[in-house]
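Structure, as structure tokens:
The chain is numbered in sequence order, starting from 1. Values below: every heavy atom of this structure, side chains too, minus hydrogens, waters and symmetry copies.
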Amino acid sequence: MALLGAYNRFNEFRQDFIKDTGFQSVEENMDLYIQYVNARFSDHNNKLLSTLSNEIQELQKVLKKV
């Protein structure tokens, strides 16, 4: 089962942002960086919710058999 938990990764995405966008500075493009981080968090949340939904469906199948 998935372990729920999140921690602040705002600063961890800096190098990914620079690599993905080609910008040299996060500070000069903070508005775009914030959008980038929000998109990464949204993607993570979507994957988490999808996994949880699949696990709930599997659990329902097991409970129907009981």
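Atom CG in N45 sits 12.5 Å away from atom CZ in R40 (nearest 0.5 Å). The CG atom of N46 sits 9.0 Å away from atom OG1 of T51, with the distance rounded to the nearest 0.5 Å. A distance of 9.5 Å separates CD1 of I56 from CG of N54, quoted to the nearest 0.5 Å. Atom NE2 in H44 sits 9.5 Å away from atom CG in L49 (nearest 0.5 Å).
Inter-residue side-chain proximity for E55 and L59 is flagged as unmet; no heavy-atom pair is nearer than 4.5 Å. Side-chain atoms of M30 and I34, non-hydrogen and from C-beta on, do get closer than 4.5 Å to each other. At a threshold of 4.5 Å between non-hydrogen side-chain atoms, the residues E27 and Y33 do not count as touching. Contact annotation: the side chain of D16 approaches that of Y36 to within less than 4.5 Å [non-hydrogen atoms, C-beta and beyond].
The shortest non-hydrogen separation linking I18 to Q24 is CD1-O, 4.1 Å.
Listed by chain and number, the residues in a side-chain contact (heavy atoms from CB on, under 4.5 Å) with S53 are Q57 (sequence neighbours excluded). Here F13 pairs with F41 under the ring pair (Phe, Tyr, Trp, His ring centres under 6.0 Å) rule; sequence neighbours left out.
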